[in-house]
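First up is the structure itself, then whatever we jot down about it.
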Amino acid sequence: SDYPTDIPVVVHVLDHSDATTISDAQVASQIEVLNEDYAGTNADLSKVPAPFAQLVGRPGLSFHLATQDPAGQPTTGITRTRTAAVDFGVDDTMKKRSSGGADAWDTTRYLNLWVCGLRGGVLGYAQFPGGDPATDGVVIATAAFGRRGSAKAPFDLGRTATHEIGHYLNLSHIWGEARVPTCDDTDFVGDTPNQLGPNSGKPRFPKVSCPAAPNGDMFMNYMDYVDDDSMFMFSQQQVERMHAALQLSRSGLGA
Ligand code: ARG
Ligand code: ZN
Ligand code: CA
């Protein structure tokens with residue numbers, strides 16, 4: 001294909017103490033989730049309600065921990081940094097050694113993923129394509145990373161990274177980005193029905209928030225805000241949008 005499909009990841013683990021560190025096995029559990037969700041082999045994909053089943057998209061992407069560092073040396077694909085900060089704000093300080101974080105590896109070649117404490121119950125955040133190369137990548141809270149160890153219910157199935165990498169590949173929230181809820185706002189994806197605003201928890205199908213969408217909200221989409229066990233699909237046109245982002249903005253991944 002004319003875009004990268006096997007994406008090298010460097011995981012920057014920032015820990016405050018031995019008690020708050022993340023094991024290699026927990027990192028591996030997160031990579032496993034990404035490989036299931038982005039291949040469309042996740043077991044819960046079968047839970048997609050019938051009216052949305054024909055819209056399911058499989059991105060056909062895989063992820064692996066980098067085996068070579070930017071200098072070409074062998075690596076585990078995990079960096080470990082002991083930091084004075086117990087947690088960080090949504091301000092990119094975790095992405096710089098000079099502010100208690102870890103510097104990015106060449107963001108054109110690697111997907112950089114920082115794991116650290118995040119203040120205010122934030123589960124994660126991502127940078128869309130086209131931003132500052134020095135801060136490109138995704139950040140996941142220690143409490144929402146992988147599916148073992150420090151991961152805490154209901155965000156303990158690794159779906160925060162699935163969601164944030166969706167943003168990294170140019171997907172908006174499924175309801176659009178308007179601050180004032182409206183049924184007219186769009187995520188620029190044709191096959192995700194318009195919905196009024198974010199859903200949370202474990203909604204029951206059907207959940208109708210906008211009258212023009214007969215089957216209601218596609219709340220089981222990774223780009224909504226529901227619990228990890230309640231999100232399990234991308235749509236076909238979301239997949240097309242991610243492939244376009246890989247081709248146009250992220251073509252150097254894996255090079
Ligand atoms: N950026 C969102 C937040 O921090 C992430 C939502 C992820 N949702 C999930 N079920 N893991 O709130
Ligand atoms: Zn989001
Ligand atoms: Ca849509």
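Every number for a ligand or one of its atoms is a count from 1 in the order of the listing. It should be emphasised that the depicted structure is a prediction, and the values quoted were computed from it without experimental measurement.
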Would you say D217 and S209 are linked by a side-chain donor-acceptor pair, where the criterion is simply a distance under 3.5 Å? yes

Polar contact flag, side-chain donor to acceptor under 3.5 angstrom, S62-D6: yes

For atom 9 (C) of ligand 1, what's the nearest protein heavy-atom neighbour? Residue, atom name and distance, please. D228 OD1, 3.2 Å

Residue [X] vicinity, atoms of ligand 1 by number, heavy atom under 4.0 Å:
X    : result
T160 : 7 (C), 9 (C), 11 (N)
M231 : 8 (N), 9 (C), 10 (N)
G124 : 1 (N), 4 (O)
V226 : 9 (C), 10 (N)
D227 : 10 (N)
F155 : 9 (C), 10 (N), 11 (N)

Restricting to N, O or S atoms, which atom of D187 is closest to the Ca ion (ligand 3)? OD1

With the Zn ion (ligand 2) as the apex, the NE2/NE2 angle for H173 and H167 - to 10°: 100°

Kindly indicate, with the supporting measurements, whether the criterion side-chain contact (heavy atoms from CB on, under 4.5 Å) is fulfilled by L34 and I165. CA-CA 9 Å; L34 293 175; I165 292 171; 3.6 Å; yes

Salt bridge [X]-[Y], side-chain N to carboxylate O under 4.0 Å:
X    : Y    : answer
E36  : R147 : yes
D224 : K207 : no
R159 : D44  : yes

For D187 and M223, run side-chain contact (heavy atoms from CB on, under 4.5 Å): C-alpha distance rounded to whole Å, both residues' side-chain angles, the deciding distance at 0.1 Å, then the answer. CA-CA 10 Å; D187 60 355; M223 301 316 290; over 6 Å; no

N, O or S atom of V189 closer to the Ca ion (ligand 3) than 3.0 Å: yes

Please confirm if an N, O or S atom belonging to T192, backbone or side chain, lies less than 3.0 Å from the Ca ion (ligand 3). yes

For Y125, which part has a heavy atom under 4.0 Å from ligand 1: side chain, backbone, both, or neither? neither

Taking distance alone, with no angle check, do [X] and ligand 1 share an N/O pair under 3.5 Å?
X    : result
E164 : yes
R159 : no
L123 : yes

Looking at H163, pick out the N, O or S atom nearest to the Zn ion (ligand 2) and give its name. NE2

Cation-pi check, R250 to Y168: give yes when NZ or CZ is under 6.0 Å from the six-membered ring centre and within 45° of the ring axis, no otherwise. yes

CG on L65 to CG on D24, rounded to 0.5 Å: 8.5 Å

For the pair Y225 and H163, name the ring-plane relationship: parallel under 30°, tilted 30 to 60°, perpendicular over 60°. tilted

